[in-house]
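Report on the structure given below.
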Amino acid sequence: IERKVLELFTGSKCPLDSYSVYREFAAKASQWNCKGYEQDWLSTTFELVDELRNKIGFCEDWLQGMSRALEEYGIHIAYAMPTTGFYLASLLCPNVIAIRTGNDYYFRITEGNENLWKQNFYCSLLAFALGLYPHFDVFISNKNHPEGFAEPHAEKEALARALSCGIVGIGDKIGFTDAEVISRLILPNGMLVKPDRPALPIEPCLEADPIENRMPLIVETLTALKDFQWHYVALWNISKKSVTYKIDPEYWGVKGDFI
């Protein structure tokens with residue numbers, strides 16, 4: 001296939017005929033039993049390829065050509081580093097099923113940035129409203145991981161991904177994965193444990209910033225089975241200060257008698 005590519009002095013590229021380019025890729029990927037594809041660097045590509053911003057319809061053609069080509073081979077798509085516009089564009093691409101809702105996990109583990117939990121859960125509101133699964137990026141499962149990548153909050157990171165309903169990826173060095181932490185995320189048959197919908201911030205967390213107001217970031221979701229509901233409520237203290245807090249169960253839809 002002849003590739004016609006826009007290339008700026010920056011080295012950024014975007015195919016003029018994205019359907020043909022991605023179809024060739026999808027044909028090869030399907031031979032490797034590929035089931036999913038992550039399109040990364042979306043916001044950077046959008047910023048550096050002028051035609052994606054100033055040529056009407058070009059960005060849509062790029063994304064929809066990608067979607068059609070991969071859909072023919074049964075390959076799902078996850079978007080990464082998106083702007084809000086890419087969230088909305090996913091509505092025209094039925095095999096886009098997940099989207100990165102926060103910055104790279106690397107910055108949380110190397111800089112101790114608790115804002116990443118805030119980013120992921122708040123952006124999950126938009127992702128879920130548009131029919132997408134939130135994707136919180138990979139995480140380190142090992143509290144004693146070598147080379148400066150020890151994760152003291154491994155259980156919290158695992159819990160966040162279980163409650164997200166989305167992709168779960170691990171970034172441990174080969175041979176250093178904490179099997180006990182990972183085993184709590186999956187059933188014996190390998191299926192991911194997840195609730196009925198992604199966990200989302202409750203109303204008080206939409207009315208006040210958890211960091212500025214020294215309150216926990218509280219998220220809620222549920223599992224319904226016949227006449228019963230199990231509500232899952234998780235709290236993250238992202239203020240780096242001690243927090244004492246009370247919350248009314250009615251904020252997550254629980255009224256009357258409950259256990």
Side-chain angles (χ1 to χ4, degrees), residues 18-19 22-23 26 29-30 34-43 45-46 52 57-105 116-139 159-169 185-187 191-203 205-206 217-225 229-234 251-253:
S18 68
Y19 172 77
Y22 283 103
R23 193 173 188 277
S30 65
C34 175
K35 300 299 181 184
Y37 168 74
E38 182 178 283
Q39 179 61 53
D40 204 351
W41 294 87
L42 285 170
S43 59
T45 304
F46 187 73
L52 290 173
F58 185 70
C59 189
E60 288 84 353
D61 290 344
W62 170 42
L63 298 175
Q64 291 176 43
M66 178 200 310
S67 174
R68 292 200 321 272
L70 271 66
E71 188 175 33
E72 289 181 10
Y73 288 88
I75 298 175
H76 297 296
I77 300 173
Y79 283 168
M81 289 180 62
T83 63
T84 305
F86 287 104
Y87 278 79
L88 299 175
S90 71
L91 294 171
L92 298 177
C93 303
N95 55 331
V96 176
I97 63 169
I99 195 162
R100 279 277 304 279
T101 46
N103 207 339
D104 291 347
Y105 170 75
L116 196 55
W117 288 323
K118 180 182 175 183
Q119 285 179 24
N120 278 313
F121 281 118
Y122 276 78
C123 289
S124 291
L125 287 161
L126 179 58
F128 181 58
L130 297 175
L132 298 169
Y133 286 114
H135 178 17
F136 287 12
D137 201 9
V138 300
F139 76 104
L159 176 62
R161 283 152 183 78
L163 294 177
S164 76
C165 287
I167 298 168
V168 176
L185 294 172
I186 57 176
L187 299 173
M191 294 290 290
L192 291 174
V193 176
K194 62 181 182 179
D196 289 351
R197 60 163 174 78
L200 303 173
I202 65 172
E203 186 175 331
C205 291
L206 302 179
L217 168 60
I218 306 172
V219 299
E220 178 273 339
T221 184
L222 59 83
T223 296
L225 183 62
Q229 285 189 349
W230 289 262
H231 287 261
Y232 310 107
V233 181
Y251 277 117
W252 55 82

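Because only heavy atoms are used, hydrogens play no part in the values below, and waters and symmetry mates are left out as well, while side chains stay in.
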Scanning both residues in full, the closest heavy-atom pair of Ile97 with Pro94 reads CG2-O, 4.4 Å

Can you find a heavy atom in the side chain of Pro134 that is under 4.5 Å from one in the side chain of Phe128?
-> no

Measure the shortest side-chain to side-chain distance between Tyr122 and Leu217 over non-hydrogen atoms and say whether it is less than 4.5 angstrom.
-> yes

Would you say the side-chain atoms of Ser67 and Tyr22 include a donor-acceptor pair closer than 3.5 Å?
-> no

Any chance you could measure Arg161, atom CZ, to Leu185, atom CG, to the nearest 0.5 Å?
-> 9.5 Å

So do Tyr133 and His76 actually touch side chain to side chain, heavy atoms under 4.5 Å?
-> no

Enter the distance from Met81:CE to Leu42:CG here, rounded to the nearest 0.5 Å.
-> 8.0 Å

Side chain proximity check, Val193 to Leu187, heavy atoms < 4.5 angstrom = yes

Identify the two heavy atoms, one from Cys205 and one from Ile218, that lie closest to each other, and give their separation to 0.1 Å.
-> SG-N, 3.4 Å

When rounded to the nearest 0.5 Å, the distance separating SG of Cys165 from CG of Leu192 is 10.0 Å

Nearest heavy atoms of Glu72 and Tyr19, plus distance in Å | OE2-OH, 2.6 Å

Trp230 atom CH2, neighbour heavy-atom count above 12 within 6.0 Å = yes

Hey, are the side chains of Leu132 and Tyr79 touching, using non-hydrogen atoms and a 4.5 Å cut-off?
-> no

State the OG-CD distance between Ser18 and Gln64, to the nearest 0.5 angstrom.
-> 9.0 Å

From Ser164 OG over to Arg197 CZ, what is the distance, rounded to the nearest 0.5 angstrom?
-> 13.0 Å

Chi angles and distances behind the ring pair (Phe, Tyr, Trp, His ring centres under 6.0 Å) call for Phe136, Phe121 | CA-CA 9 Å; Phe136 287 12; Phe121 281 118; 5.2 Å; yes

Closest non-hydrogen contact found for Thr101 with Ala127 is CG2-CB, 4.2 Å

Look at the side chain of Arg100 and the backbone N and O of Ala78, then say whether any donor-acceptor pair between them is shorter than 3.5 Å.
-> no

Do Leu52 and Thr45 come within less than 4.5 Å of each other through their side chains, counting heavy atoms only?
-> yes

Determine whether Asp137 and Asp104 make a side-chain contact, defined as any pair of heavy atoms from C-beta on separated by less than 4.5 Å.
-> yes

Quick one: does Tyr37's side chain get under 4.5 Å of Met66's, heavy atoms only?
-> yes

Working to the nearest 0.5 Å, report the span between CD1 of Ile202 and OG1 of Thr221.
-> 13.0 Å

Report yes or no: does Gln39 contribute a side-chain atom to a donor-acceptor pair with the main-chain N or O of Ile77 at less than 3.5 Å?
-> no

Locate the shortest heavy-atom distance separating Cys34 from Ile75; write the atom from each residue and the value.
-> O-CG1, 3.7 Å

Which atom pair, heavy atoms only, marks the closest approach of Leu159 to Ala234?
-> CD2-CB, 4.2 Å

